[in-house]
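Worksheet for the structure shown next.
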Amino acid sequence: MKTMMCTVLALLVCVLAVGPGCVMEDKVVELVLKGTTCVKFPEYHESAEWNTPLVLDYADSIRSILEDNDIDIDKIKKVTLASVSYMVTQKDFPHDWDISGFITVKRDAGEAKRIVKYTDQSLEAAYLTTTYGELDAAGVAIINSAFADFLDNPYGPIVLTFTTENDAVTPVPTPQDPIDFTWKACLRIQLVYEEEFNLPDPL
Amino acid sequence: MRVRCGPVAGLALGLLVLATAASASIEDQLSVYSSENARGYLKPLIEAAGTDLNLGLFESAYIPTEGWYARIEVRGMGSWFKDDDRVFEATTEDGFSPQTAADASTVVGPSGAVEVDGDAGTKFYFPGGFDLNSLALATPQIRFGSFKGTEGLIRFAAGVIGDNELGDLELWGVGVRHSISQYLKPDFKYNIAGGFMYSGFKAGKNEAGNDMFDVRAWTLDVEGSRIWRKGGAAAEPYVGLSLDSYSGSVEYNSEASTNPGEVDVKYDATYGFRASIGLLASVKYVAGQIEYNLGKRNSIMLSLGFGKY
């Protein structure tokens, strides 16, 4: 019996030492990184219709997101647009305004397409409040196309021009009662990347 | 690819919940989730840790009524993940339209990200899991007695994971067992004991400096065994029945736009019965033990012990 017990104990030592606690497996996992890129539009107008353009190197923004999160650019497999929001960040007016219009996007010298629509948007309601816009497929397609090019050449520029194209304001601004505010539009993107892990999975 | 590692690494690995690199990424993936998605994402890990913590109290049901002894034990405790641990119903976040529920990977689920199509060509991705089958913990513990058929148990293990974001790990527990068979007739051939153990497991620090993972567990059990001795060797099969409970919390910094800031996800206490069968084999001052457990989550315990048996 002593021999048998010694054998059992020896087996247990082996099992504990090199068995269940020690099987490591390499796993490749698709993880998700979220990032937000915002463009600020300072608006001062004495009429209801205006166009305010802003130029952005979106590739640079994506690279910054990756750098901030210490993720190698070569690990990125997919980049997609999840949503677009806007928010009034600064206001200087004695009363509220309701604005309607679009934010458009164009790539390089291409044609501008609508990406976000806002309708009767109260500036007071959007003050420091994230408001998600109604998206237009044409503008989203430009962004997604830019993302695809980024995956092909992550070190090149992606120059996008975002423009607020306002159609209507209530009440209508005048030289005596100009509309004066700053707002930002934020593109929320997701980056899917692969990471390899060596994990214990003993059983 | 499977890689076999050496004995030293084997013991060290027993302490880990997940490998260090994975743990940092768990925190990263958590940060993009609001609390409800985070709850589902981590639930199997919390439950498995709670299950593991409740293992390791059973030993011989024979507890002498007098005479001092102390034993040092190294216990490995592992539990299997179930199929329904692998996915949870997650909801899209961050203003994604339309808001959509989808089966997304939990932290132990399939490794591929899950894609959801939205309005106007937008897409939302839920991260993949780490594709794990099991979770193992290990700890040294000291068992000592006896005072009127009562013995105590203390377990403690701590580890520092270098410069990893998960930070420090800590596992601790206290238990007590009492001989019931001492009150039975002297010629009763079986040993019976009842016990209670309370354990905790902490891992990581969040940005506020609080513990990121915190799991607490207790078990109340009764065990029966019979000893066969020959020379200096002994074999003692045993069976046990336990009432287990565990609860947990996860504190992390969420970057989800719908609920940014510090998030504290609580996992309420859950209760369940567990049936155990095991074998304790000893030769003089060394003992080995193996135990299989049937419960809400099936599990196994392996142990080496040193002391007077």
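In what follows, chains carry the letters A, B, and so on, assigned in the order in which the sequence lines appear, proteins first and then strands, with residues in each chain numbered from 1.
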Quiz item: Rounded to the nearest 0.5 Å, how far does CG of B:Leu132 lie from CZ of A:Phe197?
Solution: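 The CG atom of B:Leu132 is 10.5 Å from CZ of A:Phe197, to the nearest 0.5 Å.
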
Quiz item: Got a second to check how far A:Leu31's CG is from B:Tyr125's OH, nearest 0.5 Å?
Solution: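 Here the interatomic distance stands at 14.0 Å.
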
So, does [X] use its side chain to make a donor-acceptor pair with the main chain of [Y] at under 3.5 Å?
X: A:Ser83; Y: B:Asp94; result: yes
X: A:Asn144; Y: B:Gly121; result: yes
X: A:Glu30; Y: B:Ala113; result: yes
X: A:Lys27; Y: B:Ser111; result: no

Exercise. With a 4.5 angstrom heavy-atom cut-off, could you sort out which part of B:Phe126 is near chain A: side chain, backbone, both or neither?
Key: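 Answer is backbone: N, CA, C or O of B:Phe126 sit under 4.5 Å from chain A.
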
Exercise. Sort B:Ser79 into side chain, backbone, both or neither according to what part of it lies under 4.5 angstrom from a heavy atom of chain A.
Key: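 Just the backbone, heavy atoms under 4.5 Å.
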
Quiz item: Relative to chain B, which segment of A:Lys77 carries a heavy atom at a distance below 4.5 Å: side chain, backbone, both, or neither?
Solution: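 Neither part; nothing is under 4.5 Å.
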
Quiz prompt | Side chain / backbone / both / neither for A:Val84 at chain B, heavy atoms under 4.5 Å | solution =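 Nothing of A:Val84, per the 4.5 Å heavy-atom cut-off to chain B.
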
Got more than 12 heavy atoms from elsewhere within 6.0 Å of [atom1], [X]?
X: B:Lys82; atom1: NZ; value: yes
X: B:Ile72; atom1: CD1; value: no
X: A:Lys78; atom1: NZ; value: yes
X: A:Arg114; atom1: CZ; value: no
X: A:Asp108; atom1: CG; value: yes
X: A:Asp72; atom1: CG; value: yes
X: B:Tyr285; atom1: OH; value: no

Practice problem: Identify the two heavy atoms, one from A:Val29 and one from B:Phe130, that lie closest to each other, and give their separation to 0.1 Å. | Solution: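 For A:Val29 and B:Phe130, the tightest heavy-atom pair comes out as CG2-CD2, 3.9 Å.
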
Practice problem: Over all heavy atoms of both residues, which pair between A:Gln190 and B:Lys123 is shortest? Give the atoms and the distance, please. | Solution: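 Looking at all heavy atoms of both residues, the closest pair is OE1-O, 3.9 Å.
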
Quiz prompt | Test log, rule side chain to side chain contact (heavy atoms under 4.5 Å, CB included), inputs B:Thr122 and A:Leu135 | solution = CA-CA 9 Å; B:Thr122 55; A:Leu135 296 176; 3.4 Å; yes

Practice problem: Return the option, out of B:Gly129, B:Pro127, B:Ser105, B:Pro110, with the maximum number of heavy-atom pairs under 4.5 Å with chain A. | Solution: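 Option with the top pair count is B:Pro127.
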
Self-check item: Selection from A:Gly139, A:Ala137, A:Ser85 maximising heavy-atom pairs under 4.5 Å formed with chain B
Solution: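 That would be A:Ala137.
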
